[in-house]
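Note sheet for the following structure.
These numbers were taken from a predicted model, which means no experiment stands behind them. Residue numbers count from 1 along this sequence.
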Amino acid sequence: MTTPQAPAPHELAALRRRYRLERERRVRPDGAAQYRDADAEFGYYAADPYTEGPLGRGPLRDTVDVAVIGGGFGGILTGAHLRQQGVERVRVIEKGGDFGGTWYWNRYPGVHCDVESHVYLPMLDETGYVPEWKYAPGDEIRRHAVRIAEKFGLYADALFSTGVTELTWDEASETWIVATDRGDAFRATYVVNATGTLTDPKLPGIPGIEDFAGHTFHTSRWDYAYTGGSPRGGMTGLADKRVGVVGTGATGIQVIPMLAEDAAHLYVFQRTPSTVDVRGNRRTTAGDVGADREGWARARRENYLRIVSGEGADQDLVADRWTTSAGLLEKLLPSFRRQGDRQEFEAAYEVADAAKMNELRARVEETVADAGTAEKLKPWYRYACKRPTFSDLYYPAFNRHNVTLVDTADTHGIERVTERGVTVGGATYELDCLIFATGFNVGTSGIHSGKLPVHGRGGVQLLHKWARQGPRTLHGFTSNGFPNLLQMGPLQNASSVNFTHILDEQALHAAALIAAAEAAGALIEPSPETEDAWIAVLAEGAPDHEWFHAECTPGYYNREGRGRPNGPIAYPHGAVAFHELLKRWRDESMAEVLRSRTVLPT
C-alpha cells in the first residue's frame, strides 16, 4: 500500500471540518450515561461461565500479612515481588475462578493481545518462557498468568470466586478488616488494591434491551455452550443463526471476522469505526527475539517503553505499528515525553496525524469491495481520539455475502431493541443472537466507583475524602489517613500502551515499600505535605490535552464527548522517567522518609 503524502494546509482545514461534522453525528446528550453496569437485573451478563461455581468453604476470620485484591497481572506480579521480598502470607482475592484477570474473562473467538507478547507478558526472564506468537492469543496469556502464580506459590492462600465488599482500618490492631461476599472478615497488615479496570463489563443503555427474546451475552462472558467452538473458531452452533454484534472497538475488531466465518448472517452495528492498522501476526522462535541472551525480555521491554513513551532509542527491537506511530501517542498518554517548542510541535503533529489517518482510510478503500460499506468504515477523527486497533482479517470480513454493516451514526446509536431484533433508522433487523462487544468500565476500579468502600482512620471513607479534595496520593500508591493501603493503576502514576510493564514496576515498588515498613516497624502513610508536593509535581508539567479531546469523536477517552479535563492525573514526564524516579526514591529517600514520619512509625 502506498502511503499518502503529508496534506497541504487547505487539506488540513478540510479535514478539521469533516472531523467536526462526523463528531456531531455521534455525540449523544446522555454522554457516558448511555451505558449501564452489568448488575442488578442485568447481573447475568457478568456471571462467570468458566467455572461451575465457588467451592464450598466457611467464612475466614484469620490474619494474613498482605491481602491483594485482584488476580490479574497486577495482583500476580505484586504477589511475586512480595515473595521475592520474603513475605509469607500473601492472599490474593479474585472474583474469577482462577488467575488471569482480563485474560480470565476474555475468551471470545479471535482474542489476542495487541501489544507484542515478548514485551507484554511479564517475568519472561524469571520463568524462562518464550512466547509462541508475536501477538499472543488469550489462552497463551492466561497460561502464563497461571505459570507465574504457580512459580511464586500464590495458589496456597488465594480466594477465587470471591469479591471484596469493604475495607475497614482497625486502629487498635493496626490491621485492615477485609470483608467479602462470601462472608469473610479476615485481617491483613497491608492491602494492595490491584483490581484493574478491565473486569466489569458494561452494556449499552438501549431501550428494550430486556425485551429481546433471542440469546444474548457479553463478549467477556462468551457462551460457548450456545455458539459451540473455541477461541480458534468452529462455532457450529451459529451455522443457522442470524447474529448481531454491538461494538466495533478492540474486541469487535477481533471477534467479528470469526463470527463472519461461522454465522449464517452477521449484522455489525457500528456507531464509530475504529482505526484498523496492519497486524502481521506470526509464529516466533527464541532466535527471532534474542532469547538466548540473559535479560533479553527486560531489555526488549525497556526498549519498547522508551519508544512508545516518546524517548526514542537507537534501535527499534519490536518494530510494529505501535512503535512506528509512537509520535502520535502524545495525546493518548498523559505521561508521554513531548520535546521542543509547543507551537512547532503541534503543527508537525497535526500534519503527521493527518498523513497517518489518510493512510488508514486508504487501507479501507483498498480492502473493502463495496464503496458504500468502505465509506462507512473510514475513521474520520484524529489518531489519538480512540484506541488504535490492528487486524488483517477485519476489513476482508465485510466482503463476505453474509455480513451486513449497519451504521448507526445518524441515529446516534441503536434506537431500541425489540423482542425480535434491533431497530436502527426505523428498520428492524431480526436476530437469533445479540452479542455485546461494548467493553469494560475503563478507568474506574471498585474503590474509585464506590462499589468497594474503604474506611480509614476515624471511619473516613476514601471516596468521600477525595470527592472534597480531589485524589491525593504519594506517587499514586498511598494516601494520608489510609495507612498500609497501596493502590495500583494509572492515577497519579505513569501510563503506557504496555500496561503490564507499568504494573510490574508498580508491584516491585509496592513490595519494596512493604518490606521497608516491616523492617522499620512503620506504617505506610504519607503526610499531607508530601501529598501536596507530589500533586505540585504532577500539576507543574501536566500536558494541555483538554482542547484536543474536546474535539474528538465520542468515546471513553473523552467521557463520550464531554471532554477530558487537564489536571494532576498522571506523571507528566514519561513512564521511563517515572520508573527512574521511583528507583531513585527507593535507593536514596525511602529510609529517610521512614525516619521523617512521612511513613508514620508505629
Side-chain angles (χ1 to χ4, degrees), residues 3-23 272-278 304-313 316 318-363 378-390 490 494-498 540-559 561 563-567 569-578:
T3 302
Q5 294 182 342
H10 72 278
E11 294 174 310
L12 288 176
L15 271 180
R16 294 185 202 116
R17 290 193 296 269
R18 181 66 185 269
Y19 290 171
R20 284 194 294 271
L21 174 65
E22 295 292 340
R23 178 187 187 277
T272 306
S274 289
T275 59
V276 186
D277 210 335
V278 173
Y304 183 84
L305 185 69
R306 293 193 68 86
I307 293 170
V308 297
S309 298
E311 297 279 356
D316 182 353
V318 172
D320 66 0
R321 294 306 171 104
W322 278 115
T323 58
T324 56
S325 301
L328 297 177
L329 301 178
E330 189 264 347
K331 298 295 187 300
L332 183 62
L333 300 174
S335 55
F336 183 96
R337 191 177 186 86
R338 184 183 66 237
Q339 303 179 30
D341 177 79
R342 173 63 182 271
Q343 188 172 356
E344 291 180 2
F345 174 88
E346 293 296 351
Y349 182 93
E350 185 178 17
V351 170
D353 186 301
K356 181 64 180 179
M357 294 303 292
N358 284 341
E359 172 192 323
L360 293 171
R361 288 186 286 267
R363 186 178 189 228
K378 290 180 182 178
W380 292 99
Y381 47 81
R382 294 183 67 171
Y383 186 75
C385 285
K386 291 177 69 71
R387 181 177 176 87
T389 69
F390 310 87
S495 59
S496 175
V497 296
N498 184 21
E540 183 179 4
D544 178 14
H545 289 166
E546 186 170 358
W547 65 270
F548 179 91
H549 290 284
E551 297 174 357
C552 277
T553 191
Y556 66 82
Y557 281 162
N558 67 353
R559 301 183 303 165
R564 181 171 168 172
N566 296 325
I569 299 170
Y571 184 71
H573 304 301
V576 175
F578 182 69

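Here His573 pairs with Tyr571 under the ring pair (Phe, Tyr, Trp, His ring centres under 6.0 Å) rule; sequence neighbours left out. Listed by chain and number, the residues in a salt bridge (charged side-chain N to carboxylate O under 4.0 Å, His left out) with Asp320 amount to none (sequence neighbours excluded). Listed by chain and number, the residues in a side-chain contact (heavy atoms from CB on, under 4.5 Å) with Arg20 are Arg16, Arg17 (sequence neighbours excluded). In this structure Tyr19 satisfies the side chain to side chain donor-acceptor pair (under 3.5 Å) test together with Arg361, sequence neighbours excluded. Taking Arg387 as the reference, Asp114 meet the salt bridge (charged side-chain N to carboxylate O under 4.0 Å, His left out) condition, with sequence neighbours excluded. Scored by the side-chain contact (heavy atoms from CB on, under 4.5 Å) test, Ala550 finds no partners at all (sequence neighbours excluded). Annotation: side chain to side chain donor-acceptor pair (under 3.5 Å) contacts of Lys331 (sequence neighbours excluded): Glu346. Applying the side chain to side chain donor-acceptor pair (under 3.5 Å) rule to Thr389 yields no partners; only residues at least two apart in sequence or on another chain are considered. In terms of the side-chain contact (heavy atoms from CB on, under 4.5 Å) criterion, residue partners of Pro273 (sequence neighbours excluded) are, by chain and number, Arg26, Gln270. For Asn498, the side chain to side chain donor-acceptor pair (under 3.5 Å) partners at least two apart in sequence or on another chain are Thr500. Scanning for side-chain contact (heavy atoms from CB on, under 4.5 Å) contacts around Asp353 gives Leu328, Tyr349, Met357, Arg382, Tyr383, with sequence neighbours left out.
Separation of atoms CZ (Arg306) and OG1 (Thr323) is listed at 14.5 Å; rounding is to 0.5 Å. The structure places OG1 of Thr275 at 10.5 Å from CD of Glu359, a figure rounded to the nearest 0.5 Å. Atom-to-atom distance recorded for His545:NE2 and Leu332:CG is 9.5 Å, nearest 0.5 angstrom.
When ring centroids are compared, Tyr304 and Trp322 stay outside the 6.0 Å threshold.
Contact record, Val278 with Arg363: N-NH1, 3.6 Å, taken as the closest heavy-atom pair. Of all the heavy atoms in Pro490 and Ala570, the pair that sits closest is O-CB, 4.2 Å. The heavy-atom pair separating Ala575 from Ser495 by the smallest distance is CB-O, 3.9 Å. In terms of heavy-atom proximity, Asn558 sits nearest to Gly561 at OD1-N, 3.0 Å.
Proximity of Val497 to Leu329: side-chain heavy atoms (C-beta onward) are separated by under 4.5 Å at one or more points. Using a 4.5 Å cut-off on side-chain heavy atoms (C-beta onward), Cys552 and Arg23 make no contact. Cys385 has its side chain out of reach of His549: every pair of non-hydrogen atoms, C-beta onward, lies at least 4.5 Å apart. Proximity of Pro7 to Val351: side-chain heavy atoms (C-beta onward) are separated by under 4.5 Å at one or more points. Side-chain contact between Thr553 and Glu22: absent, with no pair of heavy atoms (C-beta onward) separated by less than 4.5 Å.
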Point to revise | Stepwise side chain to side chain contact (heavy atoms under 4.5 Å, CB included) check, Leu12 with Glu350 | key: CA-CA 8 Å; Leu12 288 176; Glu350 185 178 17; 4.1 Å; yes
Practice item. Could you check Val308 against Ser496 for side chain to side chain contact (heavy atoms under 4.5 Å, CB included), going step by step and ending with a plain yes or no? Key: CA-CA 7 Å; Val308 297; Ser496 175; 3.8 Å; yes
Exercise for review: Give the intermediate values and the outcome of side chain to side chain contact (heavy atoms under 4.5 Å, CB included) for residues Arg321 and Phe390.
Suggested key: CA-CA 8 Å; Arg321 294 306 171 104; Phe390 310 87; 3.5 Å; yes
Practice item. For the pair Asp277 and Lys356, evaluate side chain to side chain contact (heavy atoms under 4.5 Å, CB included) and give the outcome as yes or no after the intermediate values. Key: CA-CA 10 Å; Asp277 210 335; Lys356 181 64 180 179; 2.7 Å; yes
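For Arg18 (side chain) and Trp380 (main-chain N/O), no donor-acceptor pair under 3.5 Å exists by modelled atom type. Counting only distance, with no hydrogens or angles, the side chain of Glu344 and the backbone of Asp341 share no donor-acceptor pair below 3.5 Å.
Screening residues 544-555 for salt bridge (charged side-chain N to carboxylate O under 4.0 Å, His left out) gives no qualifying pairs among residues at least two apart or on separate chains.
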